[in-house]
Structures are given as structure tokens and as C-alpha cells.
Trainee: 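Have a look at the structure that comes next, please.
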2 protein chains.
Amino acid sequence: MARGRISRLSVRDIRFPTSLGGHGSDAMHTDPDYSAAYVILETDAEDGLKGYGITFTLGRGTEVVVCAVNALAHHVLNRDVGDIVGDFRGFYRQLTSDGQLRWIGPEKGVVHLATAAVLNAVWDLWAKQEGKPLWKLLVDMDPRRLLSCIDFRYITDVLTEEEAHEILQRGQVGKRERGARETPDVDEHHVSTEEQMLTEGYPAYTTSCAWLGYPDATLQQLCSEALKDGWTRFKVKVGADLQDDIRRCRLIRNMIGPEKTLMMDANQRWDVPEAVEWMARLAEFRPLWIEEPTSPDDILGHAAISKALAPLGIGVATGEQCHNRVIFKQLLQAKALQFLQIDSCRLGSVNENLAVLLMAKKFDVPVCPHAGGVGLCELVQHLIIFDFISVSASLKDR
Amino acid sequence: MARGRISRLSVRDIRFPTSLGGHGSDAMHTDPDYSAAYVILETDAEDGLKGYGITFTLGRGTEVVVCAVNALAHHVLNRDVGDIVGDFRGFYRQLTSDGQLRWIGPEKGVVHLATAAVLNAVWDLWAKQEGKPLWKLLVDMDPRRLLSCIDFRYITDVLTEEEAHEILQRGQVGKRERGARETPDVDEHHVSTEEQMLTEGYPAYTTSCAWLGYPDATLQQLCSEALKDGWTRFKVKVGADLQDDIRRCRLIRNMIGPEKTLMMDANQRWDVPEAVEWMARLAEFRPLWIEEPTSPDDILGHAAISKALAPLGIGVATGEQCHNRVIFKQLLQAKALQFLQIDSCRLGSVNENLAVLLMAKKFDVPVCPHAGGVGLCELVQHLIIFDFISVSASLKDR
């Protein structure tokens, strides 16, 4: 049971000097210091439980997000936790529609990152009070209650609350009575989606081998280690120099062999025509997807690239810098992506991620969350396990 | 001539308590305190000239923008003004593509507002050093030089630098040799566009009568005064309550008569289907446009609304919260607006506004800048006068 009144909000600016080793480097972010604005909520309840929430940043600017968290604090302090989660949609809208603050967003950039950090802390607190991991809190929640956490404003032309309810109702059946297994070795009528997650976990890929700032020898060594560790899906950063990309992609494809999956990530480096031309040159290495080929704001651009690359067997993935559900709505409407990458700290926390998961289900587009940054892996596992158990019931292309 | 080295950047948080009188209130911003983050640049040149730049805000959150300006300061301090304006595209990109800061944007929200304030100050300083008002600096600038201020990244699929050059070349002819007058009382072969601006000025409209927070009596009184002052174009805020809107629109239409122009502004209050239904009810008052019917991020939504309202003779206007040239590019591509409203402080200063003015010209969509906030009227007059003299040569629907 949610309990207590929020008595304190504190926020810290936490930075790791990852730029010293080129970790996390890509075509647009050449020297990131993986960082986070870290929010801690305390209540006056006797249990002493605290809620921890973060948003991921790249170093400079974390102090700006911290400043924005403090600007939101008055919406949170002295509120009953039960009142907040009892009308979570209303609370979400209070944060995102503050009549003065929304001008410097709305629902995008610094204020939305700050909103995500605050709301992530609320969800963490609620889950702890319920004595469950977040994914389990979500999976066990009544569909109507779950939907009452989502702000449907600006997406009802694509997904109404009733349609969302039907999706969740179908998931309710799936999660208890049958598994939607795609591996043939287990009788699908006897394993629920929840049991499957608990026993087998969720598939993942690694980018750790191929950051753009790594020299070839490092890349080879890390790739070889990852193969030994059993990884089957590899992502390589591209987009800074075509000849360099060809060399690095050839090197990786040769090491991992023809069967394993290779993904490419351009981190927004290209204009639309450039993306199409560049990827035509890299098609021989058979990437599953090209990630962030151009501006994250360019819905029609992603649609044009998707259309041009489909005959080459290359999909478009994007989402880590898509700033809200309205952008995701349009990416789905325009058939602009084939892999949808939610970011648990850029979207407005669980609340807005739920909206996007449900829209993705409606359009039958697989969700492959963005992770790897500070705290992202810890957060997205809850969202994606909920997605499998209660929404998608599929691991295809995940 | 640009001169000196930037020796100091200071930034102030300036707020006016406009919420006390309901000034500036609308369906989404019910209690704005019109405010600004105010940047001052000083140089070591002996002329003592300073550059002043602002971005408009609504009160709370101004301190967040101030924090972001300080995060950008290291890109500006100790730079030669001549070097900055000599490679203004490079400088623009340096600010907007900072490998760490861009994560909390990119080119949107708080960091982009801060970028606008800083760049506005650079333009102000440059114009002062040249001894010209900003519009004249722009009008007199060689087209190639002007284009070198624009970052064409992410818009080349719609407007290449060469196409932009052709547009400006055509404007060069127009601005010196002929006026593109649409009023019949002056011989169009003898008045240049620049002379026309100097003698006659640019048309404007007023929203001062009809903020949503005003009671009917105030509305009537202000409307009556505006009519006496010679205003012919009136804008009314709508979107909070349909019956209230019908009453207020009828009142205004009755006061201004059938000939004068009425515009409506919903400030993002509606979902897409709601916008279409609501405006069908207000069509009898014959608005020229409905402004911001839905989320500023919803390009496809604006396109759907435009299509639905066209048979009613109502256009769609938007832009004051469109965060960058990539969004405007798509609004134009999707035929999602019939009136384009640049915001001189939300887009990345003159540099990005130039890109949008040139795209609007290519699509033949009239530009009607957003103004009215702190400093906006002072800024947009320069942009729109440049637009008339060097780009559009038209007052039609402006």
C-alpha cells in the first residue's frame, strides 16, 4: 500500500569520467562523461523507505537538469504518496503542464528529463512500498488502474483508452494461461509468459565492443571476449567516416560470422539523402537495422529512409532521443521505424513508456529499449519484462 | 567591422508579475509571469559596445534557462567576435552540437532557448559594431555570407544551400529594382521593398483584447479601444470551454463587424479529433486561422486538422512552440500549416530563423511571426522586415 507524505526531495549531480577512455563515444557524442541527475524522495512514513530515480546525461548539462528538478519540487513536496499514485495521470499532467514551466518544454528536453527523474523516483518508492520489483507491480496491476497512470492527451487519434484496455485484457489472458513462446522446445500450453521470463530472462545485445573511439585492436579483443561470453547480437557505431566504417564493419562481420546479428548505429550523423547513400554502401555487411540515421525529430525523414532501405533488408531503429509519446505516435503512423527504442529516462518515466509500449503493440512494431547509460539497464529491464508478459507476448525481433 | 574578443558573459533572470492581471493567459498557460533570460556580452574592444540577447519565458523555469546559458558560456568566452561571425555556421553548430550538452536537447527545450539568447546577443553586438539595425545588416549582407550563417544539417532534403542562394538572388533583384507591392495606389516600378518598409511599415494584429483570463467587460472595452486605434486584425484565445468560446467569439465578431479579420488561438489544448469538432462549431465566426490546435510536436496531427478545416475556409497556424528547423521542415512537407509562426527566441536565433524563412519561401507559405512576449516584438520586426525585403516580397496573408 502506498503510504506517507513526501517530506524531502534531494537531487545529486553524479558524473563518471568515461570520456577518458572513449567509452560511449559515437559520431555525435565524441567525449561523453556518462552521468546522471539522481533524485531521492523521502517520506514521513515509519518504514523509512526512499524512492530513487534518475535521468541519464552525458556530463556537462547535468547541473541544468538538477536545476529543473528543483523547479519541479514544489509539485512533489508535502504530497501524499497515496494521492499521487491514486491519480497518477493527474500528477503526470500537473508536472508536464505547469502553466509557467511548460513554456521551456513542453514535454521535451531538460524539463522532461527532470520530470522523468522525479517520476522514476515515485515509481521506485511505490514499488518498494508494495514490496515488489517494478515489473511485478506493473504486471499485477489491474488494467484500469494501469491505464489511469497514462496521459492519453495528444495520442487519442491513434490509441484511445478503450483500445489500450483491450490490449491489456488480451495480455491478461496470455500472461496467466499460455506462453507465447517462439522457441519450439517447450510445450507452449504449459508455460506462462511470466514463468518464461523468470526462468529464461530476456534477450540482449552488446555495444561494448565497438564504440567509435576504440582502436581496431581494442575492438577485436572486446569482440572476441564477447563471443566467448556467448553474445549473439552486436552493435557497431558508424557515421563519422565511410571508409573507416567499411573497415570496422568488415572486421566485426568476419569475427562474428555470417549467422550472428549485426546492428549499426549512426547517432543522428546524416541528412536524409546521405543516410540512404551511406547505408547502401554498408548493406553488404547485412545489418539488421540502422539506428538513428538522422535527426530524432525527423519523422518524415525516418519514413523516407525506411522506405529506401527496405529493399536492402535493412530496418530503421530509433527512439533514444525521441522526446515524447507524440513523436513516437507519428513515427508509428508514418511507418518510419521497424524497431522502437524507448528510453526509460527520456520519456516521462513509466507513465509515458506505458503509452508508447501500447502504441507499439497496436502497430505491431517490436520494442528494443535503449540502455547502456547510467542506470538505463537497471530501469528498462522492468519495462521490457512487463511488455513481454502483459503486452507483446513476443520475443520476435527483440 | 566585427571586432574585439568576448571578455564577459552575464545573464539575468528577469520576471514581470503579469499573472496578477491575467495578462497573457490562455488555455494551457493560465497564470504566466512574462519573463526573460537576459544575456549581456562584453568585449575588450575600445568601443564599449555590448550585445544584448534574450529568450522569452513564462516565469518559473527562467532560472533553468539561466543555468543553461552558463553551461554554454565556455563556447563564447575569449572568442574573437570576428572569428564567430566569420564562421557563424560553425559557431552555431559548436553551440548546438556540444558532445555532452546535446544529450539534454538536442536543439530543443531549455538548451535551445539558452542557445537562442546567447546567439541573439552575438547578432545584437555584431549589428551595433556595424552601426546598423539588425534588419539592415541582414538586408545588406552578401547572399553567400548570409547563407554561411545557416546550419543546413537535417534540411538538405528540402532546401539545399544552392536553392537557398537562388531564392536570395531573386530577392536581391527585387529589393533594389522593384517593389512587389500589392496595394494599387503606388506605381510598383518605382518603390523598392526596402523603401516601402521604411515609409509604410509592416502590418500587425492585436491579441491584447482577448486573453482568456479577461472578463467580458474588459474584453469589450479593450476591443472598442483597439478599433478606435485603427486595428483591423484581432486574435481571440479559445479552447478552455466551448460555450464560453462561442459567447466570446460572437461578442468580438459583432464588435469588429464582418469585414475585419478574426484569428483564433487554442494554445495546444486539443487532441486531433477534438480540434476538428470544436472548430466546426466556431466556423460561423469565420476565423482566418486556428492557431496551435494541438501539440506543437504533432506534425501529422496538424496535417490532418489542416485537411479537415480547409473546406470550412479555416487555415492552421503554428510555430511559437516549434522547437527547430527540422519540425518546421516537416510541417511544410506535410502541408500541416497555412501560416508559419517563427519565434525569434525559441529557434536558434537569426541563424535558424533564416533557414525557416527560406524554407517557407520555397513552399510559398506566409510567415506571421509570434510576438507579444518580453522582447519578441522588438526582435521579430527585424526578421520580418528582412523577410519582406530580401525573401518573400509579399504582404499577402501576413
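Within every chain, numbering begins at 1; the chains are lettered A, B, ... in the order of the sequence lines, protein sequences first and strands thereafter.
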Trainee: Checking Gln268(A) against chain B: side chain, backbone, both or neither under 4.5 Å from a heavy atom?
Mentor: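 Answer is both: backbone and side chain atoms of Gln268(A) are under 4.5 Å from chain B.
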Trainee: Do Gln321(B) and Glu292(B) have side-chain N/O donor and acceptor atoms under 3.5 Å apart?
Mentor: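 No, Glu292(B) and Gln321(B) have no side-chain donor paired with an acceptor closer than 3.5 Å.
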Trainee: In terms of relative ring orientation, are His112(B) and Tyr92(B) parallel, tilted or perpendicular, with 30° and 60° separating the classes?
Mentor: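 Rings of His112(B) and Tyr92(B): perpendicular, as their planes differ by over 60°.
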Trainee: Can a donor-acceptor pair be found between the side chains of His323(A) and Arg346(A) at a distance below 3.5 Å?
Mentor: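 Per modelled atom types, His323(A) and Arg346(A) side chains form no pair under 3.5 Å.
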Trainee: Looking at chain A, which one of Gly99(B), Ala71(B), Ser295(B), Gly59(B) has the largest number of heavy-atom pairs inside 4.5 Å, strictly under?
Mentor: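 So the answer, after comparing Gly99(B), Ala71(B), Ser295(B), Gly59(B), is Ser295(B).
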Trainee: Which atom names give the shortest non-hydrogen contact between Pro273(A) and Asp157(B), and what distance separates them?
Mentor: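 The pair with the smallest heavy-atom distance is CD-CB, 4.0 Å.
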Trainee: Indicate whether the side chain of His75(A) and that of Gln94(A) have a donor and an acceptor atom separated by less than 3.5 Å.
Mentor: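 Gln94(A) and His75(A) do have a side-chain donor-acceptor pair below 3.5 Å.
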Trainee: Between Arg15(B) and Asp33(B) (salt bridge meaning N to carboxylate O under 4.0 Å), is one present in this structure?
Mentor: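 No, this pair does not count.
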Trainee: Would you call Arg269(B) and Asp26(B) a salt bridge, taking side-chain N to carboxylate O under 4.0 Å as the test?
Mentor: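 So Arg269(B) does not pair with Asp26(B) through a salt bridge.
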Trainee: Is chain B contacted by the side chain of Arg325(A), its backbone, both, or neither, given a heavy-atom distance below 4.5 Å?
Mentor: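 Nothing of Arg325(A), per the 4.5 Å heavy-atom cut-off to chain B.
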Trainee: What part of Ile327(B) gets within 4.5 angstrom of chain A, counting heavy atoms only: side chain, backbone, both, or neither?
Mentor: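 Side chain only.
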Trainee: When only pairs under 4.5 Å are counted, which of Val65(B), Thr156(B), Thr30(B), Thr55(B) shares the most heavy-atom pairs with chain A?
Mentor: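 Winner by heavy-atom pair count: Thr156(B).
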Trainee: Could you check which of Lys329(B), Gln330(B), Glu107(B), Met28(B) has the highest count of heavy-atom pairs closer than 4.5 Å to chain A?
Mentor: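 Answer, by heavy-atom pair count under 4.5 Å with chain A: Gln330(B).
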Trainee: Quick one: what part of Phe56(A) sits under 4.5 Å from any heavy atom of chain B, side chain, backbone, both or neither?
Mentor: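 Both backbone and side chain of Phe56(A) come within 4.5 Å of chain B.
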Trainee: Top residue by heavy-atom pair count (under 4.5 Å) with chain B, among Gln100(A), Glu63(A), Gln333(A)?
Mentor: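 The residue among Gln100(A), Glu63(A), Gln333(A) with the greatest pair count is Gln100(A).
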Trainee: Using a cut-off of under 4.5 Å on heavy-atom pairs, state which of Val326(A), Asp98(A), Asp298(A) scores highest against chain B.
Mentor: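 Of the candidates given, the most pairs with chain B belong to Asp298(A).
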Trainee: Compute whether any side-chain donor of one residue and acceptor of the other, for Lys108(B) and Asn324(B), lie under 3.5 angstrom apart.
Mentor: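 Result is no, nothing qualifies.
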Trainee: Does any backbone or side-chain atom of Leu300(B) lie under 4.5 Å from a heavy atom of chain A? Answer side chain, backbone, both or neither.
Mentor: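 Both backbone and side chain.
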Trainee: What residue in Ile299(B), Thr294(B), Leu113(B), Val111(B) has the most heavy-atom pairs under 4.5 Å with chain A?
Mentor: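 Max contact count across the listed options: Ile299(B).
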Trainee: Pro106(A), Gly301(A), Ala114(A): which one forms the most heavy-atom pairs within less than 4.5 Å of chain B?
Mentor: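 Of Pro106(A), Gly301(A), Ala114(A), Pro106(A) has the most heavy-atom pairs under 4.5 Å with chain B.
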Trainee: Quick check on Pro296(A) against chain B: is it the side chain, the backbone, both or neither that has a heavy atom closer than 4.5 Å?
Mentor: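 The answer is the side chain of Pro296(A).
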Trainee: Sort out for me which of Val110(B), Thr57(B), Ile155(B) touches chain A most, counting heavy-atom pairs under 4.5 Å.
Mentor: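 Heavy-atom pair counts peak at Val110(B).
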Trainee: May I ask you to name which of Gly109(B), Gly61(B), Cys67(B) has the most heavy-atom pairs under 4.5 Å with chain A?
Mentor: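 Between Gly109(B), Gly61(B), Cys67(B), the count favours Cys67(B).
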Trainee: Is Leu72(A) close to chain B through its backbone or its side chain, or both, or neither, when contacts mean heavy atoms under 4.5 Å?
Mentor: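 Looking at Leu72(A), nothing touches chain B.
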Trainee: Mind checking whether Trp278(B) and Trp270(B) have parallel, tilted or perpendicular rings, split at 30° and 60°?
Mentor: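 Correct class here is tilted.
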Trainee: In terms of side-chain geometry, is the basic nitrogen of Arg89(A) or Glu161(A) positioned less than 4.0 Å from the acidic oxygen of its partner?
Mentor: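 Yes, Arg89(A) and Glu161(A) are salt-bridged.
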